[in-house]
There are 2 protein chains.
Amino acid sequence: MIAEQVSTKTLIKQRAAVLFRDNGFPATSMRQLAKEVGLEAPSIYSHFRSKEEILKTIVFEVAGQFFKTALPIYEDVSVSSLTKLTLLVHSHIQVIADNIDSVAVFFHDWRHLDKPNLDNFKHQRHQYEKIFLDTIQKGISEGVFREADTKFVALTLFSTMNWTYEWYNPSKNIDPKHLADNLCDVILKGILK
Amino acid sequence: MIAEQVSTKTLIKQRAAVLFRDNGFPATSMRQLAKEVGLEAPSIYSHFRSKEEILKTIVFEVAGQFFKTALPIYEDVSVSSLTKLTLLVHSHIQVIADNIDSVAVFFHDWRHLDKPNLDNFKHQRHQYEKIFLDTIQKGISEGVFREADTKFVALTLFSTMNWTYEWYNPSKNIDPKHLADNLCDVILKGILK
DNA sequence: CCTACCGATCGGTAGG
DNA sequence: CCTACCGATCGGTAGG
């Protein structure tokens, strides 16, 4: 009984992520979603209290994934800044590749969260960015990275990583490890010969 | 009389860009937009045939801007691949900085274009990407850029440039020229010392 | 450019 | 998990 409920809830979440990704959160109706899951619209409300709660669940599950993989790397004192940054990029890309639909929603539709959730989201994002910022900063002060505006470098790194959800197709393209390798290569060494 | 109509149309376009940017196209209502412009909702329909036509106008005006600045650079045979790429990055960033609201709509809401416009958009985007792709390809074959997957390098470059609309604030941050310089610096030489 | 209004669809509830 | 249904709001039209 409980197992079946969890399974339906997960199904709703997964189908919602695909619909949100394709059409955006506001343009997706509960009727559409219900149809996709094989239910009537009101039945969804026995699993989620509102449309926004589905969005909230998706967004914060992705946030949790990002933290879960990045924190252990961040806190490991035995590796160099360079290795640490490389590992962070790999874990970030892996999370994106493992959850493309949800991640697209995460990057696209967080704007539609309601007030307390929106603030929570921004706070968590800031915390996460700090992980990369600190690592880059440390690398610069150790002389392994070039002298540069830390914030700008971090922003550039995030740009490169986060745009992947726009075009990356796990089933068609190269695997996440190669993607992350290529990405590190370009960002670390540049494209100049 | 005609001048006033043009001015109202432009005003609608500008306010729409801001609303679409903040709330997304589907979440913005014609009533909201009308209020922002100081009209009643039906009055908008004397300037645009539909909500989608406003989106279409914004998106393709931005596309036009991108082409207008990039094409002369692309076709100039007197400059090296390196200079050409640098100039292309500068012009691309300049267009983003000059039209932040419209550009955000361009990157975010093109998905909501209807069929013929959607195809047209994708075609134009592909043509534009080709400008950068060709330039990188030429630079590689001339030995000025490192041997690498051209498509991946172009994608990385676009990622870096296009993510800027998410955080760049022309009134607060550094000016577009410096932004483009920093961006070229990182993408060309990397962050490694 | 406005008033008056349309059919359709929205998120969500009541009650079982 | 369903049927029946709610008030609100949507994009858009008619007619002036």
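Residue numbering restarts at 1 for every chain, and letters A, B, ... go by the order of the sequence lines.
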To the nearest angstrom, the CD1-P distance between A:Ile44 and D:dC1 comes to 10 Å
From CZ of B:Arg31 across to P of D:dC10 the rounded distance in Å is 6 Å
Whole-Å distance, A:Lys9 NZ to D:dC1 C1', equals 16 Å
Review point. Got a sec: does the CZ of A:Arg49 have more than 12 other heavy atoms crowding it under 6.0 Å?
Key: no
For this session: State plainly whether the residues A:Glu52 and A:Lys56 are in salt-bridge range, i.e. N to O under 4.0 Å.
Result: no
Is it true that B:Lys13 and B:Glu61 have a side-chain N and a carboxylate O under 4.0 angstrom from each other? yes
B:Ile54 atom CD1 is separated from D:dG11 atom P, nearest whole Å, by 10 Å
Among D:dA4, C:dC1, D:dA14, the one nearest any side-chain atom of A:Pro42 is D:dA4
Judged by nearest nucleotide, the residue sitting upstream toward the 5' end of DNA chain D, A:Ala41 or B:Pro26, is A:Ala41
note: B:Leu19, atom CG; D:dG11, atom P; distance rounded to Å ~ 12 Å
Whole-Å distance, B:Gln32 CD to D:dA8 C1', equals 14 Å
- Query: What is the ring orientation for A:His92 with A:Phe158, classed by angle as parallel under 30°, tilted 30 to 60°, or perpendicular over 60°?
  - Reply: perpendicular
Which of B:Tyr165, B:Phe121, B:Phe20, B:Phe60 passes side chain to side chain contact (heavy atoms under 4.5 Å, CB included) with B:Phe106? It is B:Phe121
Are OP1 or OP2 of C:dC10 and a side-chain N or O of A:Ser29 less than 4.0 angstrom apart? yes
Does either side chain, that of B:Thr10 or that of B:Ser7, offer a donor lying less than 3.5 Å from an acceptor on the other one?
no
Contacts of A:Tyr45 and B:Leu39 projected onto DNA chain C by closest heavy atom; the upstream (5') one is B:Leu39
Regarding the side chain of A:Ser46, the nearest nucleotide among D:dC1, C:dT3, C:dG11 is D:dC1
When rounded to whole Å, the CD to P distance for the pair A:Glu53 and C:dG11 reads 15 Å
Quiz item: Cation over ring, A:Lys193 on B:Phe145, under 6.0 Å and within 45°?
Solution: no
Exercise for the section: Would you tell me if any nitrogen or oxygen in the side chain of A:Thr8 comes within less than 4.0 Å of OP1 or OP2 on D:dC1? Expected result: yes
Here the distance between atom P of D:dC5 and atom CE of A:Met30, to the nearest Å, is 21 Å
Its dot-bracket string being built from Watson-Crick and G-U pairs below 3.5 Å, with | for another strand and [ ] for crossing, DNA chain C has the pattern ||||||||||||||||
